[in-house]
Protein chains: 2
Amino acid sequence: MWEVAWWRPGTWGGLAMRVGQVAFAGASIGVMASGAGFANYTAFCYLIASMGLQSLWSLGLACLDVYALTVKRDLNNALLVSLFVIGDWVTALLSFAASCSAGGVMVLFKRDVLFCRRYPQLPCGRFELAVALAFLSWALSATSAIIMFCLLAAF
Amino acid sequence: MWEVAWWRPGTWGGLAMRVGQVAFAGASIGVMASGAGFANYTAFCYLIASMGLQSLWSLGLACLDVYALTVKRDLNNALLVSLFVIGDWVTALLSFAASCSAGGVMVLFKRDVLFCRRYPQLPCGRFELAVALAFLSWALSATSAIIMFCLLAAF
């Protein structure tokens, strides 16, 4: 269960992790985009862009996992895994930066400048949920980045 | 020059990197704390806390480097390096999160809600400089986290 090999690309574990990343990133985009006025804030736009990149990358790898499971092909070669390592680290870093900056702005809105109380039309609840979903997506993405790195180190 | 061994703990390269981290983190704290009203913003307080942790950790390791250089002791053992890896990764992650959230708030102030233009008493220039210094400190910290990891992997 806790072995790295269970979660490598082209397995059910790897597919589950990719689907989770796509689901959380997509949910974060959906919730954020449904909050009126998000486009006035750079950090929230950047969150959507970064979650878009995350979901595209994870969706691509999920498709590759499905293909590998269907034709029973082994994706465990050094070139592919090093490609996955680079992509996963880059997307995880961008997701983390986006989640942190949007989170910083949310804390400012709620606690420091009290925008949420002063402007009740601002959908703070939605923004918060979107940031929380982005952090979940980042957590899964960071996990798979670490797993890919361990797989690469094992070559 | 570009070999990992040049930058390992207990060498002049390692000491230079630690001194750089302490200098940038200390400068970031100083510039931020000299900006009136920073304490009203959670993200800026968190930046100071995180840079404080970063400078304490790096200062401790700098002292250890000086000691190792003075008595010509080799710090290259697996237990010490794994301790350094954990500490460096944790501080680098916290510094990155703090820099990103403070950066997100700065972008909001300058471009979205125009606080810098509306409230000229807000020392935006200082806040920006502090965030930039925090990013520089993070960059050095991330570099040494990666170097420590490579050293650990070589055991």
Side-chain angles (χ1 to χ4, degrees), chain A residues 32 35 37-50 85-86 89-90 92-116 118-119 122 124 127-128 130-131 134-135 138-139 141-143 145-146 148-155, chain B residues 32 35 37-50 85-86 89-90 92-116 118-119 122 124 127-128 130-131 134-135 138-139 141-143 145-146 148-155:
Chain A
M32 182 57 91
F38 79 91
N40 296 331
Y41 306 106
T42 312
F44 296 159
C45 297
Y46 175 46
L47 187 78
I48 289 195
S50 162
V85 167
I86 297 171
W89 277 91
V90 170
L93 204 67
L94 289 177
S95 299
F96 189 57
S99 310
C100 285
S101 49
V105 170
M106 264 328 293
V107 171
L108 184 89
F109 279 5
K110 268 202 104 162
R111 294 192 33 188
D112 301 335
V113 296
L114 305 176
F115 271 17
C116 293
R118 272 200 261 167
Y119 306 111
L122 206 67
C124 277
F127 292 163
E128 269 183 302
V131 172
F135 268 111
W138 164 72
S141 172
T143 311
I146 291 168
M148 291 299 146
F149 193 84
C150 294
L151 284 174
L152 185 65
F155 277 110
Chain B
M32 182 59 90
F38 80 90
N40 296 330
Y41 306 105
T42 313
F44 296 159
C45 296
Y46 174 47
L47 187 79
I48 289 193
S50 163
V85 167
I86 297 171
W89 277 90
V90 169
L93 203 68
L94 289 178
S95 299
F96 189 56
S99 310
C100 284
S101 50
V105 170
M106 264 328 293
V107 170
L108 184 89
F109 279 5
K110 267 201 104 161
R111 293 192 33 188
D112 301 336
V113 295
L114 304 175
F115 270 18
C116 292
R118 272 200 263 168
Y119 305 112
L122 206 67
C124 277
F127 291 163
E128 268 182 303
V131 172
F135 268 111
W138 164 72
S141 172
T143 311
I146 291 169
M148 292 299 146
F149 193 85
C150 293
L151 285 174
L152 185 65
F155 277 110

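To find a chain, count down the sequence lines: A is the first, B the second, and so on, and within it residues start at 1.
Note that CG of Leu93(B) and SG of Cys100(A) are 8.0 Å apart. Values are rounded to the nearest 0.5 Å.
For Phe44(B), no part lies under 4.5 angstrom from a heavy atom of chain A. Of the atoms belonging to Tyr46(A), not a single heavy atom falls under 4.5 Å from chain B.
Using a 4.5 Å heavy-atom cutoff, the side chains of Val113(B) and Tyr41(A) are in contact.
Atom CZ of Phe96(A) has more than 12 heavy atoms from other residues, nucleotides or ligands within 6.0 Å.
When each of Leu108(A), Asn40(A), Thr42(A) is paired with Leu108(B), the side chain to side chain contact (heavy atoms under 4.5 Å, CB included) condition holds for Leu108(A) and for no other.
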